[in-house]
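Computation of the quantities below employed the complete heavy-atom set of this structure, encompassing side-chain atoms and omitting hydrogens, waters and symmetry-equivalent molecules. Proteins come first, then strands; the chains are lettered A, B, ... in the order of their sequence lines, and each starts at number 1.
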2 protein chains.
Amino acid sequence: MVSIISVAKAAGVSNKTVSRVINGEPYVTDETRERVQKAIRDLGYIPNMAARLIRSSRSNTFGIMTDYVSTTPYSVDIVRGIQDWANTNGKTILIANTGGSSQREAEVWKTFQAHRIDGVLYVTMYHRVVDPDAGDVSIPTVMINCRPRTDQLFPSIAPDDFQGARDLTRYLLERGHRRIGYIRLNPVLVGAELRLNAFRQTAKEFGLAEDDLSIRLGMKGPVGAEENYVFAAATELLRQKERPTAIMSGNDEMAIQIYIAALSLGLRIPQDVSIVGFDDFRTVSMALKPELTTAALPYHELGFQGAEWLNGLVSGNNVDPLSRVAPCRLVERTSVCSV
Amino acid sequence: MVSIISVAKAAGVSNKTVSRVINGEPYVTDETRERVQKAIRDLGYIPNMAARLIRSSRSNTFGIMTDYVSTTPYSVDIVRGIQDWANTNGKTILIANTGGSSQREAEVWKTFQAHRIDGVLYVTMYHRVVDPDAGDVSIPTVMINCRPRTDQLFPSIAPDDFQGARDLTRYLLERGHRRIGYIRLNPVLVGAELRLNAFRQTAKEFGLAEDDLSIRLGMKGPVGAEENYVFAAATELLRQKERPTAIMSGNDEMAIQIYIAALSLGLRIPQDVSIVGFDDFRTVSMALKPELTTAALPYHELGFQGAEWLNGLVSGNNVDPLSRVAPCRLVERTSVCSV
DNA sequence: TATTTCTATGACAACGTCGACAACACGTGT
DNA sequence: ACACGTGTTGTCGACGTTGTCATAGAAATA
C-alpha cells in the first residue's frame with residue numbers, strides 16, 4: 001500500500017511536508033506543494049484514516065443506530081438526510097441496526113466505540129418513545145424521530161405531528177367541511193395522539209361540536225402485527241345517513257382502504273367524500289387517483305438537521321432546546337374539494 | 001482513552017498478554033486470563049479498531065454504495081440484509097450514497113479506500129444496469145440489484161424477475177383465466193422486459209393466443225418523473241366487451257390504480273376481475289382490500305447473500321457464476337379467484 | 001552589524017495494537 | 001547431569017500519520 005513515506009520519497013521531501021500539503025497547512029512553497037501533489041497523483045496515494053485517527057483521536061465518523069422494521073419505508077430518507085449532510089461536510093457514516101434487541105444495541109454501542117466514532121445518531125423508523133441504553137459511556141448523541149422515555153437524557157428531533165394535523169384540519173374546515181370523519185392511527189404510535197388532539201382542538205376552535213366529528217379506531221396492536229379495522233370503519237362511516245363530507249386518515253396507507261371503501265359504496269372522490277392522509281408516503285399518495293392531499297413527514301430534514309446538531313454537540317456547542325421539532329408541510333393534491 | 005497498556009498495568013501483566021487474551025490466543029493461564037478480563041471490565045476497555053487495522057491491514061469493514069432515490073422504498077431491505085449478515089459475522093458497515101452522480105461516486109470510492117475497507121457492495125434501489133467506475137483500483141466488489149453494462153466487470157446478484165412473473169402467470173392460468181390483461185412497467189426498468197417476456201412465454205406455453213393477452217403500457221419516462229397511464233389503461237381494458245378476467249400489474253404500486261379503476265366501474269375484486277401485482281411492496285399489497293397476491297422481491301436475501309459472497313471474494317474464493325439470481329416467492333393472498 | 005522574527009523544512013516520537021522473537025520455568029527422557 | 005520440549009510471559013519494533021520541536025536561511029528590525 002502506498003503510504004505517506006513513498007510519496008515523500010517520490011517528491012524528494014520529508015513525510016511531514018507531505019502531511020502539511022495534505023492537510024493544507026501553511027509554510028509550504030508553491031513549488032514544493034505542486035511537486036508533492038504531483039507525486040500523490042502519480043502514486044494514487046490515499047491517506048489512511050486509521051493511522052490519522054490513531055494520532056489525532058478524531059475519527060470524523062458518525063454512527064447511525066437504527067431500530068428494526070422500517071414500517072414506513074420512506075423513513076430511510078432520514079438516513080439519506082444524514083448522508084447528505086455528512087457528504088457535504090466530509091464526515092463518514094457507520095451504520096448498524098439493532099433489530100430492536102437491547103442486547104444487540106449494547107453490542108452496537110461497543111462497535112461504535114471500537115471505531116472511536118465522534119457521535120451517534122439514534123434513529124427510529126417511526127415516531128416513538130424509546131429507552132436507549134448507552135451504557136456508562138457518554139458519546140454525544142442525537143435521537144431522531146423519537147424521544148427518550150427517561151426524560152431528556154439525549155437531545156432529540158422529531159416531526160411536528162400536531163402542526164401537520166392542525167394544518168390539514170384547517171384545510172378541510174376552510175373548504176366548508178363541517179361533518180368530518182377521522183380514522184385513528186394505532187394508539188401505540190406517538191403520532192396517533194398528537195394528530196388526533198390537533199384534529200379535535202382545531203375543529204373545536206372552528207366551532208364544531210363533538211357530534212360533528214366521527215372518530216373511529218383504524219388499527220391497534222403491536223406494530224407490524226396489528227389488527228386492521230380501517231376498511232370496516234370507513235364503510236361504517238360512509239353508510240351513516242348524515243355521512244361525513246370529508247375523512248381524515250391517520251396516515252396515507254390507511255387512506256388506501258378508505259378509497260376502496262368509498263368507491264365500493266359507489267361514492268366519488270372527492271365529489272362525494274374528500275379524503276386527506278398523513279405522511280406523504282409517495283408510493284401511496286401519488287399512486288392513488290385522485291392523488292392524495294396529505295402532510296409530509298420531514299424525514300430528510302430530520303436526518304440532515306440531526307446530523308448538523310450532532311456536529312455542534314461534538315464541537316462542544318451547548319444543546320439549548322433539548323428537543324426540537326420539524327414542520328410537516330401540507331401537500332395539496334386533488335383528493336379534497338369544497339362543499 | 002483507556003488503552004491496552006492501562007489494562008496491562010491494572011492486571012500486572014505485559015500489554016502483549018492482554019492482546020493475547022483479547023484475541024483468544026493460546027498460552028495464557030486461566031488465572032492470568034481472568035485477571036486480565038477483570039481489568040478489561042473494570043476499566044471499560046474497548047479495543048481500538050484503527051490501531052488494529054494499522055497493524056494488520058484488515059479492516060473487517062465493508063462499504064455499501066447506494067445510488068439515489070429509493071423509488072421502491074422496501075429496497076432498503078437490501079441494506080438490512082447486508083447488516084444482518086455483517087452483524088452475525090462481526091463485520092462493520094460503512095455506508096455512502098452517490099445520489100446518482102458519478103463524480104460523487106468517485107469520491108465515495110476514495111473515502112472507502114481511505115478507510116481501507118475490505119470490499120464494496122454496490123447497491124441500486126431498483127433493478128437496473130449500471131456503469132460503476134471504480135477507477136483504477138481493484139477492491140473486491142459485488143453488485144446487488146443491478147448488473148454492469150460493460151459485461152461482467154464485477155459479480156452481481158439480482159432478483160429473478162422472470163421466474164416471479166412466470167409463477168404468477170401460471171397461478172392465473174391454473175385458475176382458469178384465459179383472457180388476461182397486462183399493464184407494463186416503465187420499460188426503463190430491467191424488470192419490465194423480464195416480467196413481460198415471462199408473461200408472454202408462459203401464456204403461450206399454456207396455449208393462449210396473442211389475442212387473449214391485452215398488453216398495455218402503464219408508465220414511461222425517467223424514473224421519478226414518469227408519465228402515468230395506469231388508471232387510463234386499466235379503465236380501457238375493463239371496458240372492453242370481452243374484458244379480461246384477470247389483470248397482471250407491472251408492480252404493486254400500479255395495482256392501486258387498477259383497483260380504483262375496477263371499483264369505479266362497479267366491478268368487484270376478485271369476483272369480476274382478479275388482480276395480481278409484483279414486488280410484494282407490503283405497505284401496498286397488504287393495505288389493499290382484498291389483499292394483493294403478488295411475487296415478493298427477495299431484497300433481504302439479496303443483501304444477505306451479496307454480503308456473504310463478497311466475504312468469499314475477500315477471502316480469496318473464486319467467483320464462479322459471475323451473476324446470480326434470487327427467486328421471487330409467490331405470495332398468495334385474496335385478490336384472485338378461479339373462473 | 002547584530003539581533004530578532006518569520007518562513008520553510010526536517011527529525012523524531014507517539015498514538016494503540018500485534019507479530020516476531022527472546023526468555024524463562026518446568027518437567028521428561030537420556 | 002544434560003539436552004530437549006512445551007507452556008507461559010515479556011521485549012521490541014512496525015504499521016501510517018501527525019504533533020512537537022529543532023534547524024536553517026531569509027527578511028525585518030534595532
Trainee: Using heavy atoms to find the nearest nucleotide of DNA chain D for B/Ala51 and A/Arg20 separately, return the residue whose nucleotide is more 5′.
Mentor: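 Its nearest nucleotide lies further toward 5', so the answer is B/Ala51.
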
Trainee: Would you please name every residue forming a side chain to side chain contact (heavy atoms under 4.5 Å, CB included) with A/Ser315, sequence neighbours left out?
Mentor: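 A/Asn311, A/Asn317.
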
Trainee: Run the salt-bridge test on B/Glu107 and B/Arg104 with the 4.0 Å N-O cut-off and return the result as yes or no.
Mentor: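 B/Arg104 and B/Glu107: salt-bridged.
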
Trainee: Please evaluate residues A/Thr29 and A/Thr32 with respect to the criterion side-chain hydrogen bond (donor to acceptor under 3.5 Å, both in side chains), reporting the C-alpha separation (whole Å), side-chain torsions for both, the decisive distance (0.1 Å), and the verdict.
Mentor: CA-CA 5 Å; A/Thr29 352; A/Thr32 327; 2.8 Å; yes

Trainee: To the nearest Å, how far apart are B/Met49 CE and C/dT17 P?
Mentor: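 Computing the B/Met49:CE to C/dT17:P distance gives 10 Å.
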
Trainee: Taking DNA chain D as the partner, which of residues 25-38 of chain B come within under 4.0 angstrom of it by heavy atom?
Mentor: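 Output list: B/Tyr27, B/Val28, B/Thr29, B/Thr32.
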
Trainee: Do A/Ser59 side-chain atoms and A/Arg116 backbone N/O form a donor-acceptor pair below 3.5 Å?
Mentor: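 The answer is yes, because a donor-acceptor pair under 3.5 Å joins these two groups.
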
Trainee: Between A/Ser56 and B/Gly12, which residue's closest nucleotide on DNA chain D lies nearer the 5′ terminus?
Mentor: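 It is B/Gly12 whose nearest nucleotide is closer to the 5' end.
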
Trainee: Give the angle between the helix axes at the two ends of the helix from C/dT1-D/dA30 to C/dT30-D/dA1, taking five base pairs at each end and rounding to 10°.
Mentor: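 If I round to tens, the end axes sit 60° apart.
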
Trainee: At less than 4.0 Å, is any side-chain N or O atom of B/Asn23 found next to OP1 or OP2 of C/dC18? Yes or no.
Mentor: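 Yes, within the criterion.
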
Trainee: Under 4.0 Å between a side-chain nitrogen and a carboxylate oxygen: does that hold for A/Lys38 and A/Glu34?
Mentor: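 No, no charged N to carboxylate O under 4.0 Å.
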
Trainee: With a cut-off of less than 4.0 Å, is there a side-chain N or O of A/Arg55 near OP1 or OP2 of C/dA14?
Mentor: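 So the side-chain polar atoms of A/Arg55 never come under 4.0 Å of the phosphate oxygens OP1 or OP2 of C/dA14.
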
Trainee: Write down the distance between CD1 (A/Ile5) and C1' (C/dC12), rounded to a whole number of angstrom.
Mentor: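 Checked: the CD1 to C1' distance equals 12 Å.
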
Trainee: Roughly, in whole Å, what's the span from CG in A/Asn48 to C1' in C/dC15?
Mentor: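 Atom CG in A/Asn48 sits about 13 Å away from atom C1' in C/dC15.
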
Trainee: Return the value, rounded to whole Å, for the distance between atom CG of A/Leu53 and atom C1' of C/dT17.
Mentor: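 Computing the A/Leu53:CG to C/dT17:C1' distance gives 13 Å.
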
Trainee: Does a donor on one side chain and an acceptor on the other come within less than 3.5 Å for A/Thr17 and A/Ser14?
Mentor: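 Yes, because at least one side-chain N or O of A/Thr17 sits under 3.5 Å from a partner of the opposite role on A/Ser14.
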
Trainee: Which two nucleotides bound the region of DNA chain D that has atoms under 4.0 Å from heavy atoms of chain B, read 5' to 3'?
Mentor: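 Endpoints of the contacted stretch of DNA chain D: D/dG7 to D/dG16.
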
Trainee: Between A/Ser14 and C/dT9, is there a contact of a side-chain N or O with OP1 or OP2 at under 4.0 Å?
Mentor: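 Answer no for this pair, as no side-chain N or O of A/Ser14 is under 4.0 Å from OP1 or OP2.
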
Trainee: Taking CG from B/Leu43 and P from C/dG16, how many angstroms apart are they, rounded to a whole number?
Mentor: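 B/Leu43 atom CG is separated from C/dG16 atom P by 13 Å.
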
Trainee: Rounded to whole Å, please give me the gap between NZ in B/Lys16 and P in C/dA23.
Mentor: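 Going from NZ in B/Lys16 over to P in C/dA23 covers 17 Å.
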
Trainee: Could you tell me how far apart B/Asn15 (CG) and C/dA14 (C1') are, to the nearest whole angstrom?
Mentor: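 Nearest whole value for this atom pair: 14 Å.
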
Trainee: Is the side chain of A/Asp118 donor-acceptor paired with the backbone N or O of A/Asn60 at a distance under 3.5 Å, no angle test?
Mentor: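 Yes, the answer is positive, given that a donor and an acceptor are paired below the 3.5 Å cut-off.
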
Trainee: Apply side-chain hydrogen bond (donor to acceptor under 3.5 Å, both in side chains) to A/Arg52 and list each qualifying residue two or more places apart in sequence or on a separate chain.
Mentor: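 Testing A/Arg52 for side-chain hydrogen bond (donor to acceptor under 3.5 Å, both in side chains), a comparison that skips the adjacent residues, returns none.
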
Trainee: Quick check: does any side chain N or O of B/Asp77 sit under 3.5 Å from a backbone N or O of B/Arg80, one acting as donor and the other as acceptor?
Mentor: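 Side chain of B/Asp77 to backbone of B/Arg80: no pair is present.
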
Trainee: Which residue in the set A/Ile40, A/Asp42, A/Leu43 passes side-chain contact (heavy atoms from CB on, under 4.5 Å) when paired with A/Val2?
Mentor: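 Answer to the side-chain contact (heavy atoms from CB on, under 4.5 Å) test with A/Val2 among A/Ile40, A/Asp42, A/Leu43: A/Leu43.
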
Trainee: Would you say the side chains of B/His115 and A/Thr92 form a donor-acceptor pair under 3.5 Å?
Mentor: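 A/Thr92 and B/His115 do have a side-chain donor-acceptor pair below 3.5 Å.
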
Trainee: State which residues pass side-chain hydrogen bond (donor to acceptor under 3.5 Å, both in side chains) with A/Ser3; sequence neighbours excluded, sorted by chain then number.
Mentor: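 Expected list: none.
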
